[in-house]
Every structure is written in structure tokens, then in C-alpha cells.
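Structure first, commentary second.
Quick note on labels: first sequence line is chain A, next is B, and so on, each numbered from 1.
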There are 2 protein chains.
Amino acid sequence: MKAKHENTEAEILEAAKSIFQQKGMAGSRMQEIADKAGINKAMLHYYFRSKQMLFEAVFKNAFKLLAPQLKKILDEDTDLFDKIRGFSNSYISFVIKHPYLPNFIIQELNKNPDFIDRLRAGKDFPNIRKFKLQVENNVARGVIKPISGEQLFINIMSLNILPFIASPLFKGFLDASDKEYQALMKQRKTEVAEFIINSIRL
Amino acid sequence: MKAKHENTEAEILEAAKSIFQQKGMAGSRMQEIADKAGINKAMLHYYFRSKQMLFEAVFKNAFKLLAPQLKKILDEDTDLFDKIRGFSNSYISFVIKHPYLPNFIIQELNKNPDFIDRLRAGKDFPNIRKFKLQVENNVARGVIKPISGEQLFINIMSLNILPFIASPLFKGFLDASDKEYQALMKQRKTEVAEFIINSIRL
DNA sequence: ATAAGGTTTAACCATTTGGTTAACAAAGAT
DNA sequence: ATCTTTGTTAACCAAATGGTTAAACCTTAT
């Protein structure tokens, strides 16, 4: 074997992802990432030069995972109602796999809004154009009440994303245990889509 | 005058609020807070002992500002639909005054979920019981479709809060300028409430 | 006036932290 | 075999950072 670790770079990225997504850029320590990867701290710099560059690698990877989720709702060619149901359903599965990811992206984007420009340059950046047309078409055909694609998109995202991002706050207000809150989220898996569809259906 | 600054403690809190809410606990520097307050760094420790205690003072103040907003929807005695309209309308004004506050609370609660227990001890902690009864009553009277108070509460919060928390992300997806996004938010001031009411009204 | 009290500051301190270096190890190339 | 390249480590470094201290300052009470 050439290396003690099979794929050091990937192991660093995995550890960095875990630490960065839980503690954010400012709250994460290079030493902690190295420890988690079971690797000498100098290796982080050997492979990624600086904390900033390691962070950006993690961030881009995270965004690459999230983008396809959004593409489902923005670019697919399915019926609008099915789309809403499909997204709400699959987003929850996604969050279970990557609990810290959406919040991580939103937070670091808040602290560094110009990241979005660099992301937009990437080919797989989600675009709302097609979704807008679909909504306009459904409005014109009298299938749904008048609403702009932007507002509907924001509504769908909000109803699906915030319950996970703000779970400690909601757990507090609802006085719900982890288990109870999880049950609420499971229930939402179908209920959210119907909530949205009920609102716009004519 | 006894002091160079009229009310040093308040000035520190104001500066700390500004820095902490923008950069979070981990990303904030005591020196930066002192500079912003135009005050020697030692004063921060003189009045608040440690960064942690200064942070908790800021956090409690922030929560004290947010709680009454939620009380409006949870405890007031107005009609359900008016409540939804009233909250959506007033929340946006609140966010304009305190742009970083809701995100700040959600973030720091995520990093420190046991904060919520300490907050719950306070007298003015919002409680959903009354709202649940109101929703159940409206369902029973056939005014709205069947929905649990919890889910409706989560929906109202999500639709109102996330668009501000995730504004850089949404601006990116919608390819909207600051001005355009602000216009969308203004439009939501009334539209969100109708979106919710449309969904549940029988 | 001056003693006493809280308030403020500059200088200082110990620790943490991101980053570097020089030496070492392992594998392939010659 | 040994030279070269790549990967890895322990030790180190300078800067940043939260926190402390001792002296100075200012106001009020005596």
C-alpha cells in the first residue's frame, strides 16, 4: 500500500463535511477535522492548502447534493401537482440522509452572499424559468388559482425546509419530544403537499 | 458625569447584539464588539464576565423580542383567519426592524439545543395549547378542513420565516436583485395569509 | 480636602489556532 | 540497490483571542 489511508483526500472531505456542517466555518477547528479523520493536521493543508479552501470544497460538494433535489421541481416534465407531491415526499428522505446540509448551505450563504455567484457559474445551477412557465400555464388553463411561480416556489421550499432547520425551536414551542417531532415530520411527508395543492387548486 | 459613556452596559449589549446576530457566537470577537461600542475590551468582562455570559444576555434579549410576536398567534383571542392575516402582516414589519434576529435564534438553538429548556423556564415562553384548541374548535365547527394545530402552526411559521432566513439562496434561484426580492416579500405580506387560508378554508 | 466607591484603560498573559517545516516512510522508477 | 516522488508525521511558529491585572480616573460622601 502506498498510503496508510486508502483515500486520504476523501477521508478528509468526509470528516470536514461532518464538522463544518455541524459547527459552521467559524466554529470548526482544523485539529478537530484531522482528529475525526484520524489523520495528521498537516495533511489537511497538504491536500487543501487552507481552511478556507477545504471549506469551499465541502461547500461545493454540499451544494452539488442539494441541486438535484431542486432540479426535480424546477426542471422535470411532470404534472404540477405530482411534482409538488414528489418533491415534498423525496425532500424528507433527503434530509434524513443529510440532516445538516440544507441549514449549512443557507447559513454559510448568509455569511457570504457572494458564494451564490460562484455557484451560479456551475452548469447544474437550478433555474426557475421552466417552473414559472409551468405555473403560468396551469393558471391560464384554470387548473390553479392565480399565483406567481416565484411565490409558489418559495412556499413549497419554506414548508418543506424550515421544519427541519428550526426543529429545536419548534420542538420547544410544541413541547414535543424527538420522537413526537419525528412523527410530525413523517406526517408532513404527505400532508404538506396536500396543504399546498388545496391552496392553489381551483 | 460619572461615566464617559451614558450607559455602558446598554451600549455593550447593543454592540454585542449587532455583532453576535450577524456573525454568530463562534464567529464573533470580543475585540470587535468592544470596538463597535467604542469601549475598552476589559469593560465587556467587567460587565458580563465572559463571552459566554455576554452572548447569553444577547440571546435572552433577542428571544424576549421574538416571543411577543409568537404570542400574537398563540395566545390572542381573535378569529383564526384574522390571526393568520395579522401575524403574516406584522411579522414582516418585525423582520425589517430586526433582520438577523430570527435566524440568530434558530442557529444558536441548533448549536445549543438545551438553551430551549432554560428559555422555557421563563414566564413569557409561548405555548401552543390555546392555539391548538382554537384550531380544533374551527375544525369541529366546519370552518376549516381537518388539520392539527401543530401542523398549521408549523406551516404559518415556515411560510413567514424561511423567505427571510434563506434570502441569499432564494435570490440566487430566482435570479432576483435585492430590490426585486424585497418586492416579492412585500407582496407576500398579504399573499401568504391568503395562501394559508385558501388551503384550510372549507 | 480626602477617603471611598465604582468605572475605565493600557499592558499583559496563557491558550488556542491556522499554518509551516524538516525529517521520515513507502512505493515505483532507474 | 538506490534515486525520486509522493505521502505522512512531530515539532514548531506567529498571530489571534479570551481573559486578567494594576493603576488611573471620576464622582460622591464625609
Side-chain angles (χ1 to χ4, degrees), chain A residues 1-62 104 107-108 111-112 114-115 118, chain B residues 1-62 104 107-108 111-112 114-115 118:
Chain A
M1 62 191 118
K2 187 168 193 176
K4 191 180 279 182
H5 294 257
E6 281 310 311
N7 187 344
T8 309
E9 190 171 332
E11 285 175 49
I12 293 174
L13 274 174
E14 179 60 27
K17 171 192 137 185
S18 164
I19 304 288
F20 276 138
Q21 290 195 7
Q22 281 182 66
K23 309 196 171 183
M25 166 73 167
S28 300
R29 301 289 156 246
M30 293 296 268
Q31 187 61 59
E32 195 181 1
I33 293 171
D35 291 347
K36 178 135 206 164
I39 265 170
N40 188 287
K41 180 164 70 80
M43 297 307 289
L44 306 189
H45 292 97
Y46 180 77
Y47 282 99
F48 295 93
R49 304 227 9 204
S50 70
K51 186 185 183 185
Q52 182 65 30
M53 290 177 94
L54 174 56
F55 172 79
E56 292 191 19
V58 169
F59 186 84
K60 273 177 199 154
N61 279 349
F104 172 67
Q107 283 326 305
E108 300 302 332
K111 272 155 199 156
N112 217 328
D114 41 303
F115 269 19
R118 256 184 285 169
Chain B
M1 64 193 116
K2 188 168 193 176
K4 191 180 279 184
H5 294 258
E6 283 309 310
N7 188 343
T8 310
E9 191 172 331
E11 285 174 49
I12 293 174
L13 275 174
E14 179 61 28
K17 171 191 136 188
S18 164
I19 304 289
F20 276 138
Q21 290 195 7
Q22 283 182 64
K23 310 197 171 184
M25 165 72 167
S28 299
R29 301 290 154 245
M30 293 296 266
Q31 188 60 59
E32 194 180 1
I33 293 170
D35 290 349
K36 178 136 206 164
I39 265 170
N40 188 287
K41 180 163 69 83
M43 298 306 291
L44 306 188
H45 293 97
Y46 180 75
Y47 282 99
F48 295 93
R49 303 222 18 199
S50 69
K51 185 185 183 185
Q52 182 66 29
M53 290 178 94
L54 174 55
F55 172 80
E56 292 191 18
V58 169
F59 186 84
K60 274 177 198 153
N61 278 349
F104 172 67
Q107 283 326 304
E108 300 301 333
K111 273 156 199 157
N112 216 328
D114 41 303
F115 268 20
R118 256 184 284 168

In whole angstroms, how far is the [atom2] atom of [N] from the [atom1] atom of [X]?
X       : N      : atom1 : atom2 : result
A:Glu9  : D:dT8  : CD    : C1'   : 15 Å
A:Leu44 : C:dT21 : CG    : P     : 17 Å
A:Phe55 : C:dG19 : CZ    : C1'   : 19 Å
A:Tyr46 : C:dA22 : OH    : P     : 16 Å
A:Met43 : D:dT8  : CE    : P     : 4 Å
B:Asp35 : C:dT9  : CG    : P     : 12 Å

- Item | Nucleotide of D:dG7, C:dA10, C:dT7 approaching B:Ala42 most closely (side-chain heavy atoms) |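 Among the listed nucleotides, the one closest to the side chain of B:Ala42 is C:dA10.
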- Message: Please pick, from D:dA10, D:dT8, C:dT8, the nucleotide with the shortest atom-to-atom distance to any side-chain atom of A:Asn40.
- Response: D:dA10
- Task: With the side chain counted from C-beta on, respond yes when B:Lys51 and B:Arg29 share a heavy-atom pair under 4.5 Å apart, and no when they do not.
- Result: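 Side chain of B:Lys51 against side chain of B:Arg29, heavy atoms only: contact under 4.5 Å found.
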- Message: What I'd like to find out is whether the side chain of B:Leu13 reaches to under 4.5 Å of the side chain of B:Phe48, using heavy atoms alone.
- Response: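 In short, these two side chains touch, coming nearer than 4.5 Å.
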- Task: Under 4.0 Å between any heavy atoms, over every strand shown, what does B:Phe48 touch: base, sugar-phosphate, or nothing? Just pick one.
- Result: nothing
- Message: Using every non-hydrogen atom in the two residues, find where A:Ala16 and A:Val58 come nearest and quote the distance to one decimal.
- Response: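 Nearest heavy atoms, A:Ala16 then A:Val58: CB-CG2, 3.6 Å.
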- Message: For D:dT8 and A:Tyr47 - does any side-chain N or O of the residue sit under 4.0 Å from the phosphate oxygens OP1/OP2?
- Response: yes
- Query: Any side-chain N or O of A:Thr8 under 4.0 Å from OP1/OP2 of D:dT8?
  - Reply: yes
- Within 6.0 angstrom of B:Lys111 NZ, more than 12 heavy atoms from elsewhere: yes
- Near B:Arg49 CZ, under 6.0 Å, is it more than 12 heavy atoms from other residues, nucleotides or ligands?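 Open.
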- Message: Under 3.5 Å, is there a donor on one side chain and an acceptor on the other for A:Gln31 and A:Asp35?
- Response: yes
Between protein and nucleic acid, restricted to nucleotides 12-18 of chain C and to nitrogen or oxygen atoms under 3.5 Å apart, what atom pairs and distances do you find?
from   : atom 1 : to      : atom 2 : distance (Å)
C:dT17 : OP1    : A:Arg29 : NE     : 2.7
C:dG18 : OP1    : A:Ser28 : O      : 3.3
C:dG18 : OP1    : A:Arg29 : NH1    : 3.2
C:dG18 : OP1    : A:Lys51 : NZ     : 3.2
C:dG18 : OP2    : A:Met30 : N      : 3.0

- Between B:Phe55 and B:Phe20, does the ring centre distance come in under 6.0 Å? yes
